[in-house]
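Read through the structure below, which is laid out as structure tokens, and then see the notes.
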Amino acid sequence: MAKRIDVAGLSAYYGPTRAIEDISMTIEPRTVTAFIGPSGCGKSTFLRTLNRMHEVIPGARVEGKVTLDDVDLYGNGVDPVAVRRSIGMVFQRPNPFPTMSIYDNVAAGLRLAGVKKKSELDNVVESSLKGANLWKEVENRLKKPGSGLSGGQQQRLCIARAIAVSPDVLLMDEPCSALDPISTTAIEDLISQLKSEFTIVIVTHNMQQAARVSDRTAFFNISGTGTPGRLIEIDETSRIFANPTEKATEDYITGRFG
Amino acid sequence: MSGITPTATRPTPRPGGGGSAIALNSGTRRGDAVFSGAVRGAAILLLILMGAIAAFLVYRAQDALSANTANVLTYTGTWAPDDSPPKFGIGALAWGTLVTSLIAIILAAPVAVGVALFITQYAPRKLAQVLGYIVDLLAAVPSIIYGLWGILFLVPHMQGASQVISDVLGWLPPFESGVFGRSVFTAGVILAIMILPIIAAISREIFLQTPRDQVEAAYALGATRWEMIRLAVLPYGRSGVGSAIVLGFGRALGETIAVAMVLSTSSIFVTKLLQPGGNTIAANIALQFGSAFTTGQGALIASGLVLFVVTFLVNWLARRITKHGGEAKERRGLGGLFRIGRGGESMHMESSYDAPAPSEATGSAGGPVAAGLGSPLSGTVPASRGAFEAKDSAPEVVADEAAGRGRSHRAPRVAGLEGGVLAAPSGSRRLRSGLAGGLSVATFALAVIPLASILWLVVSRGSHALNLDFLTHSLRNISESDPGGGVYHAIIGTVEQALLAALMAVPIGLLVAVYLVEYGRGMLARAVTFFVDVMMGLPSIVAGLFILSLWIIGLHQMANGFAGALALMILMLPIVIRSSEEMLKLVPDSLREASYALGVPKWRTITKIVIPTALPGIVTGVMLGVARVMGETAPILLVVQYVSFINGNPFDGSQGQATLPTVIYSTFTSPEHASNDRTWSAALLLILIIMLLNIVARLIAWWRRPNNT
Ligand SMILES: Nc1ncnc2c1ncn2[C@@H]1O[C@H](COP(=O)(O)OP(=O)(O)OP(=O)(O)O)[C@@H](O)[C@H]1O
Ligand SMILES: [Mg+2]
């Protein structure tokens, strides 16, 4: 069940340093939103504030408001554990649990939620692996360790693990940057399929990838080292790439830096 | 627009090119040959030393064993190898050793793991660092202090505790009628308290190495903190903690002084844990060597060999666990585990270079883990490195978890967040997470009580007599009941023997480490690595026995300070080798390659680039090694004649030396108040010196960290 995210006036800190400043945007349901911008501008930081992963870093904190279909994620009494269950995440480096089999990796989230019935687990594992375009490759080795897969397969396994708990939103932080071109294509195809069910946010350094997979694109920038990152603009991807409002966006996209 | 990324500054080409002309002349090749010959020679020397120890002990033991008229496995009469006919049995001793160590490990392991979990996963970050330091320092407290506390504090209190245990569990035969303080169980308890900080320190280090991406993967799935621990921390640390526990067991097996002090011994096969009786191999050696003649020495050596073999097997087991526990990465990461010395008192240093980025922790954990075990420095591994501290929530969530409160009052709002098959984390999941947190806090509290009691007793009873007079006078002509006197003579002995030991161990150890890291290949390297492992597991009493029987009895040398230094050298060598090896391994290959690319020969690369880069770590390791051997009691008791007066010459052919541990040992039994206070003051002084060395060693490592802000 895809949901909409609204962000208002969000700043994030690592200890005393502010990494991102005053970001507001709307992330539409059933779309793919791409975050682009130079290294260090706070894309990952911002992404991690959306499912309250930011605060697992010691000393890190967040100001501002994030709502998921009108529920304030940082509201009083909201449990970060529940937030993360609704907003799944895929990391830059594939990180399957090394001691678990492929099956157990995908089932991990469900088991945490207390699902014990074998048939239900079987169903979800199969559908998630199918959803991640991995089923055919691992069908016969579900009991083998997940770490025995190739990098691209591992990343799809992590996507399967994330979608198995039926989140509303899927956050992906440079999910293809550790992968070869063929695996990248597989994941991009997968993203296009998944957007019918999920709200997807993807951070990428690859402009072509942003153009290929996303419906909307947000450009982030920093005005100098040590200054917090800001959102420059967010718009339809076609517009951002063809005719951006801001000069900085155009410079970045065309490879011209200030 | 303003500058986004500053353009990388190009390295300016050095005018005049490479500069130093290094020709391919025979001189550099000769240098290489000489240097590699030297390090290889050191490695071979080490093998010879080990071979000599083994051969000599076997040779001495054999005579006694063949002279023995009793069944060495089953005999339970008095230890009488010097009678005619000689009679002694090792079976009951070995049994007693196993029983005490098993009691210790059963008591200590769960508590230690709980403490490590508390420090790494539950305690607030600042507190966690402080607690980490404290646990590491406690792991460095010498066993004589534990023994002292055991006999003067624990034993009287154990009478009541034994009564309670036998009231509750008395229907089980091992726990029948216990009102006795000096039982096998008490010995097990004191061993448990001793090995607890060691297991906790290693486990903590391993938990800190949990790859951050695993932790994040678990949290991103919506795991509670306890679920995250079960998904990421425990699977990753399983084999490492298993090895830590086995190593703690090995350490308990070889422990001498503390057991000798608290146990009321007899040579039976112990079955009643709460009653006096039983003995351990190490304690028996310490108690019998003074009155042993030729066959008696042989018999003690035979028992020492049994202890050595058992400890070696245990350490070998620890290594197997590490090897087979988990996947390749982990294997690599924990490869250094078995290198922990005598149950983890070796050292490790923090790499000041090559700090792995948190996200790479899985792949590159090898350095810090290997280095991190045994841990006196581990407190310097902050959260910003591989260490990932779990803070999954705002403080009030922590409080809720700790209190084990459910969160039904939040359910409606949380439920509003949920889609799909998942419900909000159920009350029972919350409860479980809270219980786990509460349990780990409780284990921590449990562990703190005895350790705080030890420190408190030592400080409160030792501090008022610890004055300038105490530091500048000896115990010459001062009988036990006299007031005054001091430990000046013992300070001199302690320092001289430790420094002499270092003087011998450091050059050999460093050369062997260089051999292993820079040259070691093939059979010789494998053999050296193996024997260093063996030496790591060598119980210190066995090292003392070796020097006693070869150097003093065999070669008719004197029981002077130098003999003590020799025994300490044997104990220090593996520590110096392992720590230097880890430090040298942490020097990135790119540095070596850069040097080679300039045409610098290998031996100069090693002496001018590699060793200087690793030097702070090596110095730290040596200092921790010195601190470690300074607290040794058992081997010194065996090989250095105790004197109560000042003797500044460790090579003196006619008289021995006192050291702080042996002063403590020789004065603790006295009931007189003054003497007891001297004992406590000596204990306090010993702790202070060892702590100081540890802290300075850590500071050296810390200063060298690139980001020591
Ligand atoms: N754990 C951390 N502790 C302290 N500062 C951090 C931490 N993680 C990131 N930062 C800082 O926050 C800023 C934003 O980092 P972030 O990782 O969000 O950038 P990014 O846009 O994702 O960069 P990249 O494209 O390289 O991934 C940077 O200045 C970075 O140094
Ligand atoms: Mg990033």
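Just so it is clear: chains get the letters A, B, ... in the order the sequence lines come, proteins before strands, and each one is counted from 1.
Minimum heavy-atom separation, A/Pro58 to B/Arg125: CB-NE, 3.1 Å. The heavy-atom pair separating A/Arg161 from B/Ala217 by the smallest distance is NH2-CB, 3.2 Å. A/Arg84 and B/Tyr219 make their closest contact through CD-O, 3.1 Å (heavy atoms, listed as atom of the first residue, atom of the second, distance). Nearest heavy atoms, B/Gln214 versus A/Pro98: OE1-CD, 3.1 Å. Here the shortest heavy-atom pairing between A/Arg85 and B/Ala223 reads NH2-N, 4.0 Å.
The local environment of NZ in A/Lys143 is crowded, with over 12 non-hydrogen atoms from other residues, nucleotides or ligands closer than 6.0 Å.
No donor-acceptor pair under 3.5 Å is formed between the side chain of B/Asp213 and the backbone N or O of A/Asn95.
How far CG of A/Leu112 is from CZ of B/Arg230: 7.5 Å, rounded to the nearest 0.5 Å.
Both the backbone and the side chain of A/Phe97 come within less than 4.5 Å of a heavy atom in chain B. Looking at A/Pro145, there are no atoms closer than 4.5 Å to chain B (heavy atoms on both sides), in backbone or side chain.
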*Could you walk me through whether A/Arg111 and B/Leu231 pass the side chain to side chain contact (heavy atoms under 4.5 Å, CB included) test, one step at a time?*
CA-CA 11 Å; A/Arg111 289 208 170 112; B/Leu231 278 174; over 6 Å; no
